[in-house]
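Any value given below was found using the heavy atoms of this structure, including those in side chains, with hydrogens, waters and symmetry copies removed.
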Amino acid sequence: MIITLKDGSKKEYAQPMSIIDIAKDISEGLARAACAGEVDGEWVDLRTVVDKDAQVAILTFDSPRGKDAYRHTTSHILAQAVKRLYPEAKCAIGPWIEDGFYYDFDIPPLSREDLDKIEKEMKKVIKENHPINRFTLPREEAIAFMKEKEEPYKVELIEDLPEDAEISFYEQGDFTDLCAGPHLMSTKYVKAFKLTSSSGAYWRGSEKNKMLTRIYGTSFTKKADLEERLEFLENIKKRDHNKLGRDMGIFTTVDVIGQGLPLLMPKGAAIIQTLQRWIEDEEERRGYMRTKTPLMAKKDLYVISDHWDHYKEGMFILGDEEKEDSEVFALRPMTCPFQYYVYKNSQKSYRDLPCRYGETSTLFRNEDSGEMHGLTRVRQFTISEGHLICTPEQTEEEFKGCVDLAKYCMTTLGLQDDVTYRLSLWDPNNQDKYLGNETLWNEVQDIMRRILDDIGIEYTEEEGEAAFYGPKLDIQAKNVYGKEDTMITIQLDMFLAERFDMTYIDKDGEKKRPYIIHRTSLGCYERTLAWLIEKYEGMLPTWICPEQVRVLPISEKYADYAAKVLDALKENGIKATMDNRSEKIGYKIREARMDRLPYMLVVGAKEEEEGKVSVRSRFLGDEGQKGLEEFMDSICREIRTKEIRKIEVEEKKEK
C-alpha cells in the first residue's frame, strides 16, 4: 500500500501499519511527539491501522487536533485521580475545549486546596506510565459494564447513542472511561498541566438536571508554555469585568434578588446614563422618533407576532394559562410588536416613510441559570432598540444607515477593531422554526448579501442563527476568555408586517406592505459596559467616566481653595469630587490611581497663591502645574470630542 504524507512524499508498505508505526518509520522524534493522526482527513487514534492506500498526517501538539487529543488525555488523567481520591464520585463528561479541558463530576464543590490535592494525584498517574488501550463493546454489554461500575451518567450517554453506534472505551491502569477518543499512547506523555478552577455545571446544560462540579484545566508539552499561559490567565482575571466591575463599585448582585439581575451602583448608573443620552441624541440627529412602550403585554400580542409559539420558553409568563378566566401577560423580550402599533395608530403614506422609531427598552429574557455571567448574560437588560419601517425601494439605503450608525458607535468607543461580522441565516433543514417559506427566505438573504457586499464588509455566514422572522447581521466580539457574544444586531424582516396588517398608501394609491429593519445602535447597555471595562481594564475614556477629576488638597489648610476649584469644575460640567480627608497626599494619590481616575488635581500653597493646579493623569503621570482655566479648556475639549486619550498616548510611545 502507498501512504501519502502531508508534505506530498510517499511511503510504501507491504503490510498494514498503525499510525504510530508509520510515525516511527519516519523518525523516532516524530513518534515521541505524535498525539493523533488523520487518515484521508478523518481524525483518528495513533493505534488506528491503515490497510490500504491513504493520505496520512501525523498530528503533534503544534496542530489544533493534536492539542485536542493531548488535552483530552489530560482530562482522563484528571478523572482517574478524582476517582482515586473520591471513590464515590460519578463521572459525567470530560472534553477538550479551546485552550484546555474540563471534566464534570457528581461530587460536592471543591476548594483550591482540593484541586491542589488532585493535581498531586495526577502527577502520580502520569509517573506510573499507564498504557492507554482502546476497546469496544456491544450496546447491551456496554450498558451493563457501566452499570457495574455504578456510573449512571455514562449509562445515560450510551442509551442516547444511535443503535448502530460503535461504543468505545479507553482503559488506563485502574480507570476505564466511555470515550470516542483519540488519546495519547500512555499517560507519561503529558508533561505540564494545571487545574485552573472549578465551578457548578448542570448535567447536559439544563437547570432541570442535577448540578455537577466542573473542574477546568489546561496542559502543554513544555513547562515554559504552561507558565506563559497561566500568566496570561492571571492577567485576564484582572480584566474580567465580572471581578473588576465589582471591585470598582460599578455593579453587584444579590442572591435574594436573583441570578442574572445585577444592581448598577451609582458609578455604573452614571456610565449607562452617559451612554444612553449620547445614543438618544445621536439617533434623534439621524431622524429617529422616540417611543416609550409598556414592559409587558397580554399573551394575545405575542400570539400575533408568533413569539408565543417560537419564543415562549425564553419569556417570563404572568398568570395561569390553565385557568379559563385568567388573563395571561408576559414581560416583553423585545419591543418590535409594541412599536408596530405606534405605526398602525394612523394610516401612513409613502411620503411618511421611512418611519424610524427608537426606544431605550428594558427587556426580559428567561436565560438558563448556567448561562448567567456578570453583565454579559442577564435576565433583565436595557437595549438601544429601533425599528425602521420603509418601502422596498428604501430598504437598502436604510439598512446601510443602520450599519453606519453601529460603526459610528463602535468607533467613538474605540471598539471598532475588536469585532467581526456574521450574516446569520435560517436553517433550510428545519423550516418549521421560521415564518415564511424558502423562496422568501432566499430572497431576503440575497438582499442582505448584496447590501453587505456593496458596503464592503467582510463577513462570515452561519446557518441556523437567524431569528424566526428574518436573517440578521450580527456584530460579534469576544470577551477576555475568548467567548464570543453578539453585541449589535441589524435584521431584515419581510414577514411581520403581514401578521400585524401594517400598510402604507403607495404612489399609485394602493395599500402596500412595508419592509421592517430591526436594529440596535449600541446594543445592550449592560453588555457594552462589560465590553468597555474589559477593553480598557477599567480605565474608561474620560467622557464616559463617572468621576473624571478628583481634587486633592495637600492638607486641611488648602481645603477652601480646593473647594473653589471643585465648584469651577462642576460649573463647567466636569464630573469632579474632592478628597479632603486628613490623609497624606501620597496615600490620596495612590487611592485615586486605584480608582482608575483620568485626572487628579493636587493643590497646596503654591497652587493657591498662583491660582493654578498640579495635574496628575493616568496618561502621562505628573503633567506639572497648569492654570485652572487652561486645564478646564483641555478636559472639556477631551470630553466634548470624546477623545480616547489613553490609546493615542500609547501609540505615540510605540512610535
Side-chain angles (χ1 to χ4, degrees), residues 29 32-36 43 59-82 93-105 110-127 132 182-201 213-244 247 373-374 376 417-418 420 476-485 530-531 533-538:
R32 285 193 298 272
C35 298
W43 191 33
L59 305 178
T60 67
F61 190 81
D62 292 332
S63 68
R65 305 235 78 173
K67 279 188 179 69
D68 293 343
Y70 186 94
R71 288 168 172 162
H72 196 188
T73 299
T74 318
S75 79
H76 276 220
I77 293 171
L78 162 62
Q80 186 173 4
V82 168
I93 58 172
W96 69 90
I97 55 176
E98 187 177 0
D99 296 324
F101 59 88
Y102 70 78
Y103 210 115
D104 290 346
F105 301 95
L110 299 171
S111 66
R112 181 66 247 181
E113 290 73 21
D114 294 325
L115 296 185
D116 293 340
K117 186 168 65 172
I118 295 168
E119 281 183 3
K120 190 175 179 181
E121 192 65 33
M122 288 174 70
K123 288 175 182 176
K124 289 182 185 178
V125 173
I126 292 168
K127 190 175 181 180
I132 302 175
H183 284 282
L184 305 181
M185 298 295 292
S186 165
T187 59
K188 76 172 183 180
Y189 291 106
V190 173
K191 301 299 182 184
F193 71 91
K194 183 69 179 175
L195 301 183
T196 52
S197 64
S198 68
S199 65
T213 294
R214 175 170 295 176
I215 302 176
Y216 286 98
T218 190
S219 57
F220 292 84
T221 56
K222 297 175 184 175
K223 187 178 179 181
D225 292 339
L226 174 63
E227 289 174 349
E228 183 180 337
R229 176 63 185 170
L230 294 177
E231 184 179 351
F232 172 74
L233 291 174
E234 199 57 39
N235 289 333
I236 276 179
K237 287 179 184 176
K238 295 174 183 175
R239 292 173 52 206
D240 183 354
H241 86 277
N242 202 23
K243 181 180 186 304
L244 186 52
D247 291 346
H373 178 70
T376 58
D417 295 330
D418 301 335
T420 56
Q476 307 287 107
K478 291 182 178 180
N479 66 17
V480 290
Y481 294 101
K483 184 181 181 299
E484 192 170 80
D485 286 307
W531 192 9
I533 291 170
E534 294 186 351
K535 164 78 175 182
Y536 294 106
E537 299 182 41

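The shortest side-chain heavy-atom distance between Glu121 and Lys117 does not fall under the 4.5 Å cut-off. Using a 4.5 Å heavy-atom cutoff, the side chains of Thr376 and Asn242 are not in contact.
Counting all heavy atoms, side chain and backbone alike, Glu119 lies closest to Leu195 at OE2-N, 2.9 Å. Scanning both residues, Thr221 and Lys191, for their nearest heavy atoms gives O-CB, 3.4 Å. Minimum interatomic distance between Ser198 and Leu110 (heavy atoms only, all atoms of both residues): OG-O, 3.3 Å. When all heavy atoms of Tyr70 and Ala192 are compared, the pair lying nearest together is OH-N, 4.0 Å. The shortest non-hydrogen separation linking Cys35 to Gly66 is CB-O, 3.4 Å.
Judged by a 6.0 Å distance limit and a 45° cone about the ring axis, Arg71 is positioned over the six-membered ring of Phe220. Taking the ring axis of Tyr102 as reference, the NZ or CZ atom of Arg214 stays within 45° of it and closer than 6.0 Å to the ring centre.
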Q.
Could you go through His241 and Asn479, starting from their C-alpha distance and side-chain angles, then the distance that decides it, and tell me whether this counts as side-chain contact (heavy atoms from CB on, under 4.5 Å)?
A. CA-CA 9 Å; His241 86 277; Asn479 66 17; over 6 Å; no

Q.
Applying side-chain contact (heavy atoms from CB on, under 4.5 Å) to Ile77 and Val190, what does each step give before you reach the verdict?
A. CA-CA 9 Å; Ile77 293 171; Val190 173; 3.7 Å; yes

Q | Verdict with reasoning, Glu534 to Tyr481, per side-chain contact (heavy atoms from CB on, under 4.5 Å) | A | CA-CA 10 Å; Glu534 294 186 351; Tyr481 294 101; 5.6 Å; no

Q: Tell me, with the steps shown, if Lys123 and Phe193 meet side-chain contact (heavy atoms from CB on, under 4.5 Å).
A: CA-CA 9 Å; Lys123 288 175 182 176; Phe193 71 91; 3.9 Å; yes

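Of the possible polar contacts, none joining the Ser75 side chain to the Pro95 backbone as a donor-acceptor pair under 3.5 Å is found. Between the side chain of Lys67 and the backbone N or O of Phe61 there is at least one donor-acceptor pair closer than 3.5 Å. Without hydrogens or angle criteria, Ser219 side chain to Thr74 main chain gives no donor-acceptor distance under 3.5 Å. The backbone N or O of Ala33 sits nowhere less than 3.5 Å from a side-chain atom of Thr60 that would complete a donor-acceptor pair. Asp240 places no side-chain N or O within 3.5 Å of a backbone atom of Lys237 that could act as its donor or acceptor partner.
For the side-chain contact (heavy atoms from CB on, under 4.5 Å) criterion with Ile215, the lone passing option out of Asp114, Ile118, Asp104 is Ile118. A ring-ring contact (aromatic ring centres under 6.0 Å, His included) with Trp96 is found for one member of Phe101, Tyr216, Trp43 and no other, namely Trp43.
The number of heavy-atom neighbours closer than 6.0 Å to CD of Glu484, taken from other residues, nucleotides and ligands shown, is above 12.
In this structure, CD in Glu98 is found 12.0 Å from NZ in Lys483, a value given to the nearest 0.5 Å. With values rounded to the nearest 0.5 angstrom, His183 atom NE2 is found 7.0 Å from Ile132 atom CD1. With values rounded to the nearest 0.5 angstrom, Met185 atom CE is found 11.0 Å from Thr73 atom OG1. A distance of 11.0 Å separates CG of Leu230 from NZ of Lys223, quoted to the nearest 0.5 Å. Here the straight-line distance linking atom CG of Leu78 with atom CE of Met122 works out to 5.0 Å at 0.5 Å rounding. Expressed to the nearest 0.5 Å, how far CD of Glu228 lies from CD of Glu231 amounts to 7.5 Å.
Classification of the His76-His72 ring pair by plane angle, with boundaries at 30° and 60°, yields perpendicular.
The residues Asp116 and Arg112 are annotated as salt-bridged, a charged nitrogen and a carboxylate oxygen being separated by less than 4.0 angstrom.
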